[in-house]
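In this text, all values refer to a predicted model and were calculated from it rather than measured experimentally. Both counts, for ligands and for their atoms, begin at 1 and track the order of listing.
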Amino acid sequence: MPAPHLAVIGGGQLARMMAPPAVALGIRLRLLAEAGDVSAAQVIGDHLVGDHTNLADLRDAVGDAPVVTFDHEHVPPEHLQALAAEGHACRPSPDALLFAQDKGDMRVRLSLLGIPSPVFELLSEDLADAIDDMHDFGYPAVVKTTRGGYDGKGVWVVRSADDLAEPFSVGQELMAEELVDFRRELSALVARSPSGEVRAYPVVESRQVDGVCSEVIAPAPDLDPALAAEARQIAERIATELEVTGILAVEMFETTDGRILVNELAMRPHNTGHWSIEGAETSQFENHLRAVLDLPLGPTTARQPWSVMVNVLGGAVEDLLVQRAIALAAEPGVHVHLYGKAVKPGRKVGHVTATGIDLDDTRARARRSAALLTDG
Ligand code: ADP
């Protein structure tokens, strides 16, 4: 195999979707995959199977690739520091990635920057002390693990001291946040390169069902232009201040009283940016590759007035490939993406995107296609 230009750690669908723009731009990818048949290993020929928490496996996979990037946030920071010390550019850098790995560190840093965020407090390790902390903080509140949460796992609404038992049973560091009264959730994506070029995508609305993203509308409908500009500026400022390289996704709340509060950060292509594959001039995956390799970034403007992305979650459909033909026949203009993953209930196994000039029609087409792939 010729030397890779870019090593990607983690073989999920985000790494898989980096492959098409890598092919187009002549970028040779090398993948560290959890197993030989995971989503990205099916499409990136140059892959090694190994464990991203094991430094030897990381070193084997990275080899002589000058740049390393990630499908997820779970590589231990000390391993990233070791790779960086050995001359590989980690993008994002370990220092930046920390703020996507640890919600407590992220909240502290953003509050120092004056970025609007929910009121928060780190909780004591001892349950009795934490009950005292919460007594002062006030109920109701949201309690979260500072690390390792995803898709709503590791997030609890607590209404009394009794409700602390469950979060404490997890045995991880916890924080409390005000229970935000929000109208909807927004997401602002930016791409930033090491030379400091920054491009922001249109701000989108994301809808969650049971803590999992189900639908994304680009741009966020009826968003006050001043709030949209604020959301965008917040994302650009975070990317610049934290020196993020690659895609930064900033998940936000639009509160019922018309404010923007930052919820959390991801430093990789993000589910709320999948619409950009067909809906934007340059997809988030292409701009992630361009950014981490310090190539000029592409325009982030929308190609159509509306794009609607709906996730395909594991449901009643057992054979996605049979159902794919039915979905394509029903909605030939909707773009179907399947991740090559086994169907399990609620698991993200694909997504669809429709674009168009009328929001209701665009959303109806996307939902119909996704429903055929999920429910049959
Ligand atoms: P995850 O890491 O699982 O994505 P989040 O911190 O994004 O965790 O929380 C998951 C969901 O819980 C959010 O999408 C939102 O709907 C809800 N949530 C999180 N924090 C708060 C909060 N402070 N107030 C109200 N709802 C919240």
Test log, rule side chain to side chain donor-acceptor pair (under 3.5 Å), inputs R147 and Q172:
CA-CA 8 Å; R147 285 179 174 257; Q172 283 190 33; over 6 Å; no
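- In this structure S276 satisfies the side chain to side chain donor-acceptor pair (under 3.5 Å) test with no other residue, sequence neighbours excluded.
- The contact shell of ligand 1, taken as protein residues with any non-hydrogen atom closer than 4.0 angstrom, comprises K103, V142, K144, G149, Y150, D151, G152, K153, V155, E177, E178, L179, V180, F182, E185, F253, N263, E264.
- Within the structure, salt bridge (charged side-chain N to carboxylate O under 4.0 Å, His left out) contacts touching residues 179-189 (residues at least two apart or in different chains) are R183-E254, R184-E205, R184-E254.
- Y201 is not listed as a side-chain neighbour of S187, based on a closest heavy-atom distance of 4.5 Å or more.
- Ring-plane geometry between H351 and Y339 is classed as tilted, the angle between the planes lying from 30 to 60 degrees on a 0 to 90 degree scale.
- Scanning for side chain to side chain contact (heavy atoms under 4.5 Å, CB included) contacts around A229 gives Q233, with sequence neighbours left out.
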